[in-house]
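Before any comments, here is the structure.
Residue numbers start from 1 in every chain, and the chains themselves are labelled A, B, ... in the order their sequence lines are given, proteins ahead of strands.
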Amino acid sequence: NAGVTQTPKFQVLKTGQSMTLQCAQDMNHEYMSWYRQDPGMGLRLIHYSVGAGITDQGEVPNGYNVSRSTTEDFPLRLLSAAPSQTSVYFCASSYGAGGIRTEAFFGQGTRLTVV
Amino acid sequence: GDSVTQMEGPVTLSEEAFLTINCTYTATGYPSLFWYVQYPGEGLQLLLKATKADDKGSNKGFEATYRKETTSFHLEKGSVQVSDSAVYFCALSDAGSARQLTFGSGTQLTVLP
C-alpha cells in the first residue's frame, strides 16, 4: 500500500524557473492538500481540493497553481520560482473534511531550494 | 479564524523523564484535535486524536485529553525514550471547514540516553 507518494524528494531551482511537484495517492481519498513547512512556522496550507475538478486557495497560495483532474493526482506548480519558496513541501490526503475524517495521510515531502 | 499555539522548543530530556508539550487552540466550532509526529527526514504521522470534549487520545505511551474549558490538548508521556526524538505538531480540524488541518508551529523533542 503506497499511500501518498511525492516526487521528487529533492530539487534545486534557479530563480525564475518553473516546475511541478507531483503527488499521488492510492487510497481513493476525496480531499488532498499541499502544505509548506518552514522553521518555526509549522505547516501552512497552500492549496487544497475537495474532489476531482475542484480546488481552492489556502493560507499562502501566491506563486503556486494546482489542478485536480483525477482523484489520485494533485500536482503543485511553481510558476516562477523565488528564493522565498525555498521550503519543504508536503502533500496530504484524507477521506473528507471536518472531524475525525480529516485524519490526514502525508507524503514524505519535497525539499526545494531556490537559488 | 482557527489557530493552534504550541509551547516553544526545543525540548531536551533525559531518557525516562516525563514529557509535557502544551497545546492550546482557538476555533469557532467544535474541532477535532490531533497530535502528529515527524521523525527526521520523514513526513508527518498521526500520533493520536480526540474528537470531542473530555476524550482522551492515546498511542505508544503518549496521551492527550481534549479540554474544552481550557481549550487545550496537552501531550504527555510518562517515560520518554531516545526513539521519541522528533518534532511534534498539534493540529485541529474544524468540522465546519473544508480546509482540513490547522497546525501549531511544532516542538522539537530531543531525548538523551
Original post:
Does the ring centre of B:Phe34 sit less than 6.0 Å away from the ring centre of B:Phe89?
Top reply: no
Original post:
Do the ring centers of A:His29 and A:Phe105 come within less than 6.0 Å of each other?
Top reply: yes
Original post:
Tell me, side chain or backbone of B:Leu46 under 4.5 Å from chain A's heavy atoms, or both, or neither?
Top reply: side chain
Subject >> Segment of B:Gln38 engaging chain A (4.5 angstrom heavy-atom cut-off) >> reply: side chain
**OP:** Give the member of A:Met41, A:Gln108, A:Arg44 that has the highest number of heavy-atom pairs under 4.5 Å with chain B.
**Re:** A:Gln108
Original post:
Side chain, backbone, both or neither: which part of A:Gln6 has a heavy atom under 4.5 Å from chain B?
Top reply: neither
**OP:** Ignoring hydrogens and angles, tell me if any N or O in the side chain of B:Gln81 forms a donor-acceptor pair with the backbone of B:Ser83 under 3.5 Å.
**Re:** no
Subject >> Heavy-atom pairs under 4.5 Å with chain A, option from B:Glu42, B:Gln108, B:Gln6 with the top count >> reply: B:Glu42
Subject >> Salt-bridge present (B:Lys52, B:Asp54; N to O < 4.0 Å) >> reply: no
Original post:
Charged N to carboxylate O below 4.0 Å: is that the case for B:Glu63 and B:Lys56?
Top reply: yes
